[in-house]
Each structure stands twice: as C-alpha cells, then as structure tokens.
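For reference, the structure discussed in these notes is given below.
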Amino acid sequence: MKKLKLIILFFVILALFLIIHNVSNAATEYTYSDTEQGVEWTYELDDNNNVINLKCNTSTKTGTIVIPSTIDGKTVISLKDGNLLEDNGAFMYFSGLTGITIPDTITTIGDYAFYNCTGLKNITVPNSVTKIGDSAFQNCSGITSVTLSENLTSIGSYAFAGCSGLKSISIPDSVTEIGSSAFKNCSGLKDLTLSKNLTKISAGSFEGCTGLTSVIIPDSVTTIIGNDTYYPNVGAFKDCKNLEKILIPDTVASIGEYAFYGCDKLTIYGNDGMTSKEYAEEHSISFDYIANWDKEDSGSDITSPTVEKIEVTYDSVKDYDKDTNKNMYILPSNAKIVINVYFSEVVEGTSVPTLTIKFGDGKNIEVKEGAISGSTITYIYTVKSTDKGIMSTVSYSGGNLTDAAGNKATLSCPALRIQYSSGDFVYANGTITNPDDNNNSNNNNNNGSNNNGSNNNNSNTDNKNEDGKDDTTASGKLPQTGLSITLSLVIVVLITGCIFAYIKFKNLKDI
C-alpha cells in the first residue's frame, strides 16, 4: 500500500511541475503603437530578448509601411507566421499595401506573411534574410519585381505562387532548395535565372509560367520532379505552354513523368546516353544537342502572334445564377466581368488593343484598359443597368503588341464564350426562363444577386471580426494558462490516472 501511495504522489507532483513550468514559459504577446505611421504592432520576445513574430494589426493601412528594426531597444528578427484557418500572418490580406520596407535585422519572413497583398509593387528582401516561408507572397498579383537576399537558403512552398505580374527573377546561388509550387502560375515571368547550387526543381515550382520561353538548368541539379507522393500529377514546368527550349545538363539523373506536361512547343537540349534524351524520346518531345544551344537558327521568327480565343473567366460569373434552359449566366448591374484574350505566343507592348463588346442589340462598348501578362491580356468590365442581352465581341484593334522578335500581333475576334464551359453565354440584366414557374425564376434570380452581395458582406464582416479579435496570448495557447493543446491532454491523462489509482487504493484499503 505504501508503494502505491508513492506512485500516486509521484504522478501528482509530475503533473503540477508540468503545469507550473508551462505557465512560466508561456509566450507573452506585447503591443506597440507606431504613432508616426498610424499602425499598431504585436510581437513576442525570444530567450535573447529579440522581437519575434512581429505582426501589424492595422489592416486598413494603405500605401507604404516601414517595418521597425527595433522596438523599445529590442531588435526585430522575424515576422509572424500565418495560416489560412486563422488569418494571422504578419500582413495577410493587406490589399491596400503598396510598398514595404524590410529592415536588415529580419532573418525570417514567416509563412503567409504577405499573402494576398495584391497592391504590393516591388519587393526587396534584405541580405539578412535566410528563409522565406510557405505562401509568404502568394497571390501578390501586383508585384512586378523582386530582389532576393544574397544569403537566402530556402524558398518555401507557394512562396510566390500567383504573382502574375512578376516579370523576372534571379534566384541567388545561396539557395539550395525551392519549395513545391513556389512560382506556380507566375504567368508574366519571362526571365528566370536559377541558383548554381540548386539540387532539384521541385514539383510545380514553375508550373503555369506561360511567359517562359527559355530556361537553363544549372549543373548542380540532379532531379526535376514531375510527380511525387504529396503532389501527384504536378510537374516542375507543367503547362508552360510557351516554353520553347530548355537546357538539361548531364548531371540530371531523374525527370518526373509530368515535368514538362503541356509544353507543346518545347525542345529539350541534352546529350546522348543521358536522361534528357531518354525522357525526350519517351515523351515525344523534340530533342537537340547542348552544343547547338547557342547556335543561331537557320531562319528567323517571322510568325506573328494571333488571338487564339477570347473568354470570360469562370470565376467572374460562377457566383451568379445560371439559366440552364438557355446555357446563360445572368449577371446583374455592377457585376465585374474579367475578360481574357489569349494569344498564340508571349506578347509585349506599351499599349493594349481596344476590345469592343456589346450586349444584345445595344451600343458598342469600348474596353481600353488591359493588363499584359505573358500570352494573355486581361480586361475588366463592370455591367451597367443599360446593358441587356447576350454579350458578344464586336472588334479588337489598335495597340502596339509584338512578340519577342518584333512581329506585330494579328488581331482577330473569335466568338466570346465562358471559360471552362464552352457554349455557355453571358447575359446582362435578364431573368431566368422557367416554363413551369416563370415568376419564381425571376424572384430566384433577383434573390441570387442579392444573396451574392450579402455573402460578400458577411465575408468582410468575418474578416473584420478576425482582425479585431483579442490576441493577448500567443497563437496556439489556451487563453488563461498559455498551455499547448498537446500538453494539456497529457496533463489530463496524468490526473485521470492519479484519480483512478487513488480510487483503487481506497477500495483495497476498505477490503
């Protein structure tokens, strides 16, 4: 019996020790009001009294923000990690942010730090930074240029994915690893220089980079991933449809199945007896020798870029009602339509052509403001109350678009259709046709439009509540004690065991 008492006492002491130890070491979150910039910061301190997990809490701030290098004499060394569930990255969803100054005291840019900061234009990552976290700049579509740290060693998954405005990137030789899908769908990317110490091209690293035409793989690379356990059917350069030539050195011993899937214009440059040639032959891809890489073509490019198709993107209509009887999406006034004009090759220019559209038998509407991104020009049009009927293209003219060889683009105007839903039309300010109950259909259409607006408002409200939540404790801790969930469960188990042992001891004593 004495031995059992000692065991119970041991468990109780252990549980109390863990509770006291964890509470004493729970991270404390501090607040700093930056009156000069009109923003509020929250942060924590590490064991060396450095500022870590710095987060800006003023999401309404627009323009440029300067990240402080010190706060109350303490050095700022890292930005707060975030995730999509908690919406808590350092500057996550700051759409009004157009510029950011990162001090040379920062060593780490956390996960989702600048996620969806669509207004950012130019980024300079100081040489003090050694790591850029997952999705750190994902969907920052306004970024046109990035200067990376010369001491950077790691670029996380999806770090710059969706940065469609990014035109060129030079990855410093200090980088040995690029995360999966790091530059996925950077459709405006034309110039790519890879690190000379890179060992592999990860799954999806440059997937959907339709602006790329030529890439040189450095001799340090041994693997180009095209399919793996965590990213099935994802290729390093998958769907780079304008990629014409890639140099693959003899050091590359493995090329994944989907590495160049959808690269229909590609010629692989390699050597006999190497993986490059074997892969090209197995996948019916044109092959040439590395010795001919710099050799001038016997002829010159005389092919003009042509319009392949004009489509309204599915994302711009999917939230509105659809008349299945007539294969039409019904768009109300003030709905924004995103129209993409796709060319046969990458185009460039200082002015875009004018896209003329109309609704039904209405007047011609000239859409002049467009953005060039690789082989795509994107226009945005807001539906007016006077627009009624099926949307169609009228003409496409003007601008000074050319390809890289200087051939002037040939402009044409194919039928407008919905992306991913060939045959579906866009109809402005109409009603849904339902032979059984026409009145109910009309009401449903109006309610659908109103609900769409309501849902958007609710979404905004949710975000606001999330930004305004009480963040006085560190992320991942219980509010009162600062205990981690895992440790709390362990303590509960220990205490339960103690109680069980005590009851058993008591029962034995009674016997």
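In this text, all values refer to a predicted model and were calculated from it rather than measured experimentally. For reference, positions follow the sequence shown, starting with 1.
Taking the six-membered ring where tryptophan is involved, the planes of F137 and F160 are essentially parallel, since the angle between them stays under 30° and well short of 60°. Classified by interplanar angle (parallel below 30°, tilted 30° to 60°, perpendicular above 60°), the ring pair F94/F91 is perpendicular. Note: F260 and F237 have parallel aromatic rings, judged against thresholds of 30 and 60 degrees for the angle between ring planes.
With values rounded to the nearest 0.5 angstrom, D173 atom CG is found 5.5 Å from K196 atom NZ. If you take CD1 on I357 and CD1 on I339, they are separated by 4.5 Å, rounding to the nearest 0.5 Å. To the nearest 0.5 Å, atoms CD1 (I224) and CD1 (I246) are separated by 5.5 Å. Put simply, CD1 on I248 and CD1 on I255 are 4.0 Å apart, with the number rounded to the nearest 0.5 Å. Note that SG of C186 and CD1 of I169 are 8.5 Å apart. Values are rounded to the nearest 0.5 Å. Rounding to the nearest 0.5 Å gives a distance of 11.5 Å between CG of L266 and OG1 of T213.
Without hydrogens or angle criteria, N151 side chain to S128 main chain gives no donor-acceptor distance under 3.5 Å. For T382 (side chain) and K336 (main-chain N/O), no donor-acceptor pair under 3.5 Å exists by modelled atom type. Distance alone, capped at 3.5 Å, is enough to place a donor-acceptor pair between the T153 side chain and the T130 backbone. Using modelled atom types, one side-chain atom of S149 and one backbone atom of P126 make a donor-acceptor pair closer than 3.5 Å. The closest donor-acceptor contact from the side chain of N429 to the backbone of S333 lies under 3.5 Å. Side-chain atoms of S195 come within 3.5 Å of backbone atoms of P172 as a donor-acceptor pair (strictly under, hydrogens ignored). Remark: the backbone N or O of E257 is paired with a side-chain donor or acceptor of Y279 at under 3.5 angstrom. Judged by distance alone, the side chain of D239 and the main-chain N or O of G262 form no donor-acceptor pair under 3.5 Å. Of the possible polar contacts, none joining the T210 side chain to the S375 backbone as a donor-acceptor pair under 3.5 Å is found. A donor-acceptor pair under 3.5 Å links the side-chain atoms of S174 to the main chain of E150, judged by distance alone.
Salt-bridge formation is not detected for the pair E345/K265: no Lys NZ or Arg NE/NH1/NH2 atom is positioned less than 4.0 Å from an Asp or Glu carboxylate oxygen.
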Subject >> Test side-chain contact (heavy atoms from CB on, under 4.5 Å) applied to I216 and L194, step by step >> reply: CA-CA 8 Å; I216 296 177; L194 296 173; over 6 Å; no
Original post:
What do the steps show when you test Y115 against N83 for side chain to side chain donor-acceptor pair (under 3.5 Å), and what is the final call?
Top reply: CA-CA 9 Å; Y115 180 86; N83 59 66; over 6 Å; no
Subject >> Criterion side-chain contact (heavy atoms from CB on, under 4.5 Å) on I106 and L79, from CA distance to verdict >> reply: CA-CA 8 Å; I106 296 285; L79 301 181; 4.1 Å; yes
**OP:** Might you work through the side-chain contact (heavy atoms from CB on, under 4.5 Å) test for L84 and Y112, ending with a clear yes or no?
**Re:** CA-CA 8 Å; L84 291 177; Y112 293 89; 3.7 Å; yes
Original post:
Step by step, would you call S78 with T108 a side chain to side chain donor-acceptor pair (under 3.5 Å)?
Top reply: CA-CA 5 Å; S78 72; T108 302; over 6 Å; no
Subject >> From CA spacing to verdict: side-chain contact (heavy atoms from CB on, under 4.5 Å), F359, K388 >> reply: CA-CA 6 Å; F359 292 90; K388 187 168 184 179; 5.8 Å; no
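Nearest heavy-atom pair across L54 and A90 is O-CB, 3.5 Å. Among all heavy-atom pairs drawn from G188 and S373, the shortest one is N-OG, 3.5 Å.
A cation-pi arrangement is present between K309 and Y342 under the rule of less than 6.0 angstrom and at most 45 degrees off the ring axis. A cation-pi contact links K245 to Y269, judged by a cut-off of 6.0 Å to the six-membered ring centre and 45° from its axis. Cation-pi geometry between K55 and W41 is not satisfied (NZ or CZ under 6.0 Å from the ring centre, within 45° of the ring normal).
Checked against the 6.0 Å centroid criterion, the rings of Y329 and Y427 do not qualify as a close aromatic pair.
Taking Y43 as the reference, Y30 meet the ring pair (Phe, Tyr, Trp, His ring centres under 6.0 Å) condition, with sequence neighbours excluded.
Applying the side chain to side chain donor-acceptor pair (under 3.5 Å) test to every pair with at least one member in residues 135-145, sequence neighbours left out, gives these pairs: N116-N139, N122-T144, N122-S145, S135-Q138.
Under 3.5 Å, the side chains of T313 and S316 contain a donor-acceptor pair of N or O atoms. Inspection of the T378 and N340 side chains reveals an N or O donor paired with an N or O acceptor under 3.5 Å.
More than 12 heavy atoms of other shown residues, nucleotides or ligands fall within 6.0 angstrom of atom NZ in K61. The local environment of CG in D361 is sparse, with at most 12 non-hydrogen atoms from other residues, nucleotides or ligands closer than 6.0 Å.
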